[in-house]
Amino acid sequence: MSDDDTPVPDANQAGGLPRGLLQRDEGVFLDLSLAPAQLRAAVEQLFQSGQLLAGLDYALFLLTLFHAPVPRSAPRGDALLRIATRVAPFPPQRRLLYKQVKIRGDSAEFYFEALLPDADGQVPARREFDELVADLWGKGVRYGLDSLAVRALLDAGKAERITVARALAPQPGRDAQLVEVSQGIHRDDAPRERPDGRLDLLSFKNRFPQVKKHARLLRLLPGAPGLPGYDLAGNVLPPPAPLALELASVAGAGTQVERYSDGDFLVASVDGYVNVDEHGKISIDSKIVSREGVSSRTTGNLKLRAAYEEFGEVQEQRLVDGSDITIHGDVYGHLHSHGGLILLERNLVGGAAFNEHGDVRVAGVASGSVVQALSGEVRLQRAESCVIAGTRVVIDQASNCEIIADEVVIELAEGCAVAARTIRIGSAGPRKQVEMLVFPLVPDLSALEQQIAESLAKAAQLLQMQHKRQQEIDAIAQLPEVRNYLLLAGQLRRGELQLQPAQQVQYDKLAARIAPVLKEVARLRLDVKQSEISQAQMLALAAQLRVERQAMASQSRCTLGLVDGETTVRAMVVPPGSAKVYDRPPKEIKALLRSATPATQPVFAASTGSLEWTYQPP
């Protein structure tokens, strides 16, 4: 303030101050019973009238005019706030000291230049903070003066350009959040503990959490509004609205939204595993669904008791042990299923897919891998340099593979070694320097042939015994007494002869002597009859064994639709026993099919033509 400023005498509302401002002996007061907008209007009217607030408490002034929440309801005399010492005039010549204000967007700059003497050689008094407040208000800067920086520069008296006011950006509130409330949905990536107490560093303890029915999974934490900001003109800048969330947007199958006294929760409606899809929706299912892939970083090795579906990759040296496994990404590791289906939607590269009781299907390419289904079908689109075994193997295109099964069906085979009881290949031939080998598996019929030989030998022995017994009967029949008795007995039976009493006595005596001999003849004839029956049984058994032998042999068949290049077909005898010929380690399968160790019989060797062959045992 200049020295010639005259104070305004004590005044009240009737003394000319705008409504909301009061002048008392203790200072200038704001009437807090009015709304902040009304108080700002009063200050606006005061400054436009060429007056200012001397001794202004700017921090309190700013807080009251812009940040007061609502008017106070107390009586008028108790709702007063002192903000300044007095109301003073703001002469026009003093306003000339504040011409260097520049408003740049959200800030206002002022150049505090040195004060030069006037024409009379008088240097003006220094600039005052209260005057700057009034001048800036008239220029539209009503909010955000940096009172500390301005007062410090005024006290220093240096010539400098500073930012004197800044807008207040709105403060964002808190967005609505979904907070996990169940420990059951938290993964435990600690190493799995083995039964012997050691830690398995390649496996995680609980990568796929399982929850019980009615378990609370997520809680909805509602959003909170932010704080408004103000531009330099004092206009309110509303804060951005907090992001709203709905539990229903993340509720998938097996979950439901329930409201409790302590908030809204997402609750499991069934027992099962927690699955989160790519959209963040949570579901509870008996099947495990993963989207991160199988690696040392994400899951480690997996040993599961439920169906498993993976949308990522299975990396090298990783093992997935479970049942009913579906992989949508590439597989470079090992899959071991105890049942169900192994389904690979993409490629199997350098890995293995082994199913003990189910099928294996690869929709992409199998390369440098092992594919085995001990009690199921292997179905591949394309296989390269693989070892493949199963009850039935179906491949569209195979090259440089070792394949063994009960039945093999291949559209195009190049440079493969194929062994099966039934083989059907559309086109077969070598690939570069790798020959095409086909091994129809023929049964070992030696046991059946031995049984047939034994049955025929027994039938021959029985026939010899029949001849021997018949010779004995014929020898007995040639004895004189036996011949005479049989002749008389025949005549008496036919009524050709009548015996006198004396002749009857002699006949009875002869019959008594011949009786033991006749018993022996009856026994010999019974032996002959039993031998004939046994002989017929042995011959029937031999015929049945021949039928079985032929049926077993006819199961071994090989069909080559087109031979395109040097192809060799050799029948390989299957060792007797209940073990499956394809239930072998990959190294043994390669050694069996690529070496000349097993006994084989030549069937076909040519570079053109076709083959339709069924095994006919010698």
Side-chain angles (χ1 to χ4, degrees), residues 330-332 335 342-355 359-374 376-441 557-570 572 581-595 603-611 613:
D330 293 328
V331 175
Y332 303 93
L335 309 179
I342 293 180
L343 175 60
L344 307 185
E345 295 288 357
R346 296 190 64 182
N347 305 316
L348 175 64
V349 182
F354 180 84
N355 199 339
D359 299 344
V360 178
R361 298 179 187 173
V362 181
V365 177
S367 176
S369 302
V370 177
V371 184
Q372 289 183 284
L374 297 186
E377 178 185 83
V378 174
R379 186 175 290 270
L380 309 176
Q381 295 290 328
R382 193 166 88 235
E384 300 173 353
S385 303
C386 294
V387 176
I388 304 166
T391 305
R392 186 170 189 263
V393 174
V394 180
I395 307 175
D396 289 348
Q397 181 178 348
S399 61
N400 298 344
C401 294
E402 289 78 37
I403 304 168
I404 187 168
D406 274 340
E407 180 182 1
V408 171
V409 179
I410 306 176
E411 290 295 326
L412 174 62
E414 297 177 326
C416 295
V418 181
R421 299 183 190 276
T422 301
I423 300 173
R424 296 198 303 273
I425 301 177
S427 176
R431 179 175 177 84
K432 296 182 179 180
Q433 303 302 319
V434 182
E435 59 183 342
M436 181 69 198
L437 301 174
V438 181
F439 299 100
L441 299 178
R557 299 187 299 274
C558 179
T559 301
L560 305 181
L562 174 65
V563 176
D564 186 12
E566 191 63 36
T567 300
T568 302
V569 181
R570 299 184 66 87
M572 181 186 297
V581 68
Y582 48 84
D583 185 7
R584 303 182 181 204
K587 290 184 178 180
E588 291 187 14
I589 293 175
K590 290 176 70 72
L592 176 67
L593 300 184
R594 293 296 185 181
S595 67
V603 173
F604 175 89
S607 58
T608 60
S610 61
L611 176 67
W613 177 85

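Positions are given from 1, in the same order as the sequence printed here.
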Main chain of Asn347, side chain of Asp330: is a donor-acceptor contact present, judged purely on distance under 3.5 Å? yes
Would you say that Arg570 contacts Val603 through its side chain, given a criterion of any heavy-atom pair below 4.5 Å between the two side chains? no
Looking at CG of Leu437 and SG of Cys416, how far apart are the two atoms once the value is rounded to the nearest 0.5 Å? 9.5 Å
Indicate yes or no for a side-chain donor-acceptor contact from Asn355 to the backbone of Val360 under 3.5 Å, with no hydrogens or angles considered. no
Taking all heavy atoms of Cys401 and all of Ser385, pick out the closest pair and write down the distance. SG-N, 3.6 Å
How long is the gap from CZ on Arg421 to CE on Met572, to the nearest 0.5 Å? 12.5 Å
Assess the residue pair Arg431 and Asn400 against the criterion (side chain to side chain contact (heavy atoms under 4.5 Å, CB included)); give the C-alpha distance rounded to whole Å, side-chain angles, the decisive distance to 0.1 Å, and a yes or no. CA-CA 7 Å; Arg431 179 175 177 84; Asn400 298 344; 3.7 Å; yes
Of all heavy-atom pairs linking Glu377 and Asp359, the shortest is N-OD1, 2.8 Å
Specify the closest pair of heavy atoms between Gln381 and Ile395, including all atoms of both residues, with the distance to one decimal. O-CG2, 4.4 Å
I want to check something: taking the side chain as every heavy atom from C-beta on, are Val393 and Val409 in contact at a cut-off of under 4.5 Å? no
Does any non-hydrogen side-chain atom of Gln372 lie less than 4.5 Å from one of Val370? yes
Exactly one of Ile403, Val362, Asp396, Leu348 should register a side-chain contact (heavy atoms from CB on, under 4.5 Å) with Leu380. Which one does? Val362
Provide the closest heavy-atom pair for Trp613 versus Pro440 in the form atom of the first, atom of the second, distance. CZ3-CB, 3.4 Å
Separation between OG1 of Thr422 and CZ of Arg557, rounded to the nearest 0.5 Å: 4.5 Å
Could Arg594 and Glu402 be called an ion pair, given the rule that one side-chain N must be under 4.0 Å from one carboxylate O? yes
Check against side chain to side chain contact (heavy atoms under 4.5 Å, CB included), Ser607 and Val563: CA-CA 6 Å; Ser607 58; Val563 176; 5.5 Å; no
Would you name the heavy atoms of Cys386 and Gly368 that are closest together and state the gap between them? SG-N, 3.7 Å
Considering all heavy atoms of both residues, which atom of Ser427 and which atom of Asp564 are nearest to each other, and what is their separation? OG-CB, 4.2 Å
Is there a side chain to side chain contact (heavy atoms under 4.5 Å, CB included) between Ile423 and Val438? Walk through the geometry before answering. CA-CA 8 Å; Ile423 300 173; Val438 181; 3.6 Å; yes
Could you tell me whether Arg424 and Glu407 make a salt bridge, using a distance below 4.0 angstrom between a side-chain N and a carboxylate O? yes
State, with a plain yes or no, whether a side-chain heavy atom of Arg361 is found less than 4.5 Å away from one of Leu344. no
Decide yes or no on side chain to side chain contact (heavy atoms under 4.5 Å, CB included) for Leu560 and Ser610, but give the supporting numbers first. CA-CA 5 Å; Leu560 305 181; Ser610 61; 5.5 Å; no
With rounding to the nearest 0.5 angstrom, report the CD1 to CD1 distance, Ile410 to Ile425. 5.0 Å
Arg584 CZ to Leu593 CG distance, which is reported to the nearest 0.5 Å: 8.5 Å
Counting distance only, does the side-chain N/O of Ser369 pair as donor-acceptor with the main-chain N or O of Gly350 below 3.5 Å? yes
Main-chain N/O of Gly565 paired to Thr567 side chain as donor or acceptor, under 3.5 Å: yes
Do Glu384 and Arg382 sit within salt-bridge range, that is, some charged N less than 4.0 Å from a carboxylate O? yes
Are Leu441 and Val581 packed together at the side-chain level, in the sense that at least one heavy-atom pair is separated by less than 4.5 angstrom? yes
Gln397 (side chain) donor-acceptor with Glu414 (main chain) under 3.5 angstrom: no
Measuring only between side-chain heavy atoms, which start at C-beta, is Tyr582 closer than 4.5 Å to Asp406? yes
